[in-house]
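Here's the structure we're looking at; comments come further down.
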Amino acid sequence: MENKYATVHYHNYLQLESLLGAQRLRSEEVSATPAHDEMLFIITHQIYELWFKQILHELEDVVERFGSDVVDERSIGVVVSRLNRIGEIQQLLIQQIHILETMTALDFLDFRNYLFPASGFQSFQFRKIEVLLGLSDDQRITYNQKDYKKEFSLAQQQELNEIRSTGTLFERIEGWLERTPFLQFGDFQFLEHYKEAVDRMMQREEEAIRDTPLLGEAAKQIRLQILRKTDTYFQSIFDPAYHQEMREAGTVRLSYKAMVAALLIHLYRDEPILHLPFALLNLLTSIDENLATWRYRHAQMVLRMLGRKMGTGGSSGHDYLQRTAAQHHIFGDLFQVSTLLIPRSELPPLPNAIQKELGFYFSREDR
């Protein structure tokens, strides 16, 4: 305690001697000709790992805050702040790819052979982020026909298993949505009013397609067929049993109750009490989108650098990365909420008692 306010030097505080001494070029160690661009390659990936550490620092705090059956509403603002920070870091990670692409394919070949069998697949922190967010083993695309955890030590494998057993962010958000108090509307049958609004909206859209003089009959039939496909998503909200069938088939992940809660939050986002819950769900979709964008940009960079060559870790390279960008979504159900939205003008009006609960009591005239 005596040294609590002792002076500290910038160099020592940031441990720059260790940090700046951590760039050891393999091309310099094993060949007579060091590869100039290997320094950029190492620093970029080290920076990735540092930002992964910060993302985990934020994520672990968010997951902990949702760990109890009763979530302190004051925590929602903090969670929104944490998730927003993660999103900003992800944007930076995506931008870093542009810097890495200042290295040409020929530059990369100067040292690529020295990297075998090292690979980004061996980044434990990135796998931990995926698991902590809620990417399930069923969703994960395997490479080399083996469990992704085999790349890590037994202690690291155990850590990943413990995250799954104690609860991921996806699971805890699902539980939080299921417990939202405003799902209990008493005598107000929200889904009945919502279904009437949906039917009106669908009828108007169908009539607009049939009546337009700008389309031929064949084009009209194609658009009508596309319009009817959205009925599947609406049916999953109106019919809990059908939603469960979709869930068992892997089409949706969120429970029925959680999905209805997410829909309500999106539809009535303008009510004061729902501002932060909506911001939270919106940030989760942004994080998922950023992750997919990063995967896609990574795949494109690999295609640019390697073409169709095999990755250093033994994967199919670009093809594998491209598939993960399309399939490794975690909060995909929140994107599907947009399919279920109706115009504000069609929103079923809330009874005064419910609207009062979702607003700020002191600001209403009927208080």
Side-chain angles (χ1 to χ4, degrees), residues 1-64 81-104 106-133 149 151-160 162-163 290-291 294 297-298 301-302 305 311-313:
M1 294 299 291
E2 293 179 2
N3 295 324
K4 181 178 180 180
Y5 298 107
T7 57
V8 62
H9 194 279
Y10 174 87
H11 187 93
N12 295 333
Y13 179 68
L14 295 180
Q15 299 188 49
L16 293 183
E17 186 171 347
S18 298
L19 187 64
L20 300 180
Q23 295 75 42
R24 297 175 55 186
L25 277 61
R26 281 278 293 168
S27 60
E28 193 171 55
E29 293 178 347
V30 301
S31 76
T33 309
H36 178 83
D37 279 17
E38 189 180 0
M39 179 68 77
L40 173 67
F41 187 84
I42 291 174
I43 288 177
T44 301
H45 286 81
Q46 287 177 337
I47 292 171
Y48 272 126
E49 291 295 331
L50 285 172
W51 282 126
F52 290 163
K53 183 172 184 177
Q54 184 65 40
I55 289 174
L56 285 169
H57 184 62
E58 307 297 343
L59 266 182
E60 287 166 351
D61 180 78
V62 170
V63 171
E64 183 179 353
S81 176
R82 302 276 193 266
L83 294 179
N84 182 64
R85 181 177 293 167
I86 291 172
E88 292 297 328
I89 292 172
Q90 287 178 310
Q91 289 292 327
L92 189 58
L93 298 183
I94 293 167
Q95 290 301 314
Q96 281 187 188
I97 293 177
H98 292 294
I99 300 173
L100 199 55
E101 285 179 331
T102 62
M103 175 178 62
T104 69
L106 205 57
D107 294 330
F108 186 38
L109 288 179
D110 286 343
F111 63 91
R112 180 176 184 258
N113 286 341
Y114 305 135
L115 304 181
F116 290 103
S119 166
F121 297 126
Q122 297 165 342
S123 171
F124 175 69
Q125 287 197 121
F126 183 70
R127 295 308 182 201
K128 189 175 176 181
I129 289 171
E130 289 181 322
V131 174
L132 197 58
L133 283 170
K149 293 193 291 293
E151 296 285 350
F152 309 118
S153 68
L154 291 177
Q156 289 173 326
Q157 291 182 43
Q158 180 62 30
E159 188 173 348
L160 294 174
E162 286 177 359
I163 292 173
N290 288 339
L291 195 53
W294 182 80
R297 285 291 291 114
H298 188 197
M301 180 192 67
V302 168
M305 293 288 183
T312 53

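Heavy-atom basis, side chains included; hydrogens, waters and symmetry copies ignored.
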Side chain to side chain donor-acceptor pair (under 3.5 Å) between S81 and N84, worked out | CA-CA 5 Å; S81 176; N84 182 64; over 6 Å; no
Looking only at non-hydrogen atoms, find the nearest pair between Y48 and L93 and report the distance.
-> OH-O, 2.9 Å
4.5 Å side-chain heavy-atom contact, L115 and F108 | yes
Is the closest basic N to carboxylate O distance between R85 and E88 below 4.0 Å?
-> no
Hey, are the side chains of E101 and R297 touching, using non-hydrogen atoms and a 4.5 Å cut-off?
-> yes
Identify the heavy atoms of L100 and M305 that sit nearest to each other, and give their distance.
-> O-CE, 3.6 Å
Shortest non-hydrogen contact from Q122 toward P117 | NE2-O, 3.4 Å
Could you tell me whether W294 and F126 have their ring centroids closer than 6.0 angstrom?
-> yes
Residue pairs passing the side chain to side chain donor-acceptor pair (under 3.5 Å) test where at least one lies in residues 33-45, sequence neighbours excluded | S27-E38
Are the charged groups of E159 and R127 less than 4.0 angstrom apart, N to O?
-> no
Any donor-acceptor pair under 3.5 Å linking the side chain of T102 with the backbone of I99?
-> yes
Got Q96 and W51 here, is their nearest side-chain heavy-atom distance under 4.5 Å?
-> yes
Shortest non-hydrogen separation from I97 to H298 and the atoms involved = CD1-N, 3.7 Å
Considering all heavy atoms, the nearest I94-N290 contact | CD1-O, 3.7 Å
Write down the atom of M39, the atom of L25, and the distance for their closest heavy-atom approach.
-> CE-CD1, 3.8 Å
Would a 4.5 Å heavy-atom cut-off, applied to side chains only, mark V63 and L132 as touching?
-> yes
Qualifying side chain to side chain donor-acceptor pair (under 3.5 Å) pairs, either residue in residues 9-23, two or more places apart = Q23-Q46
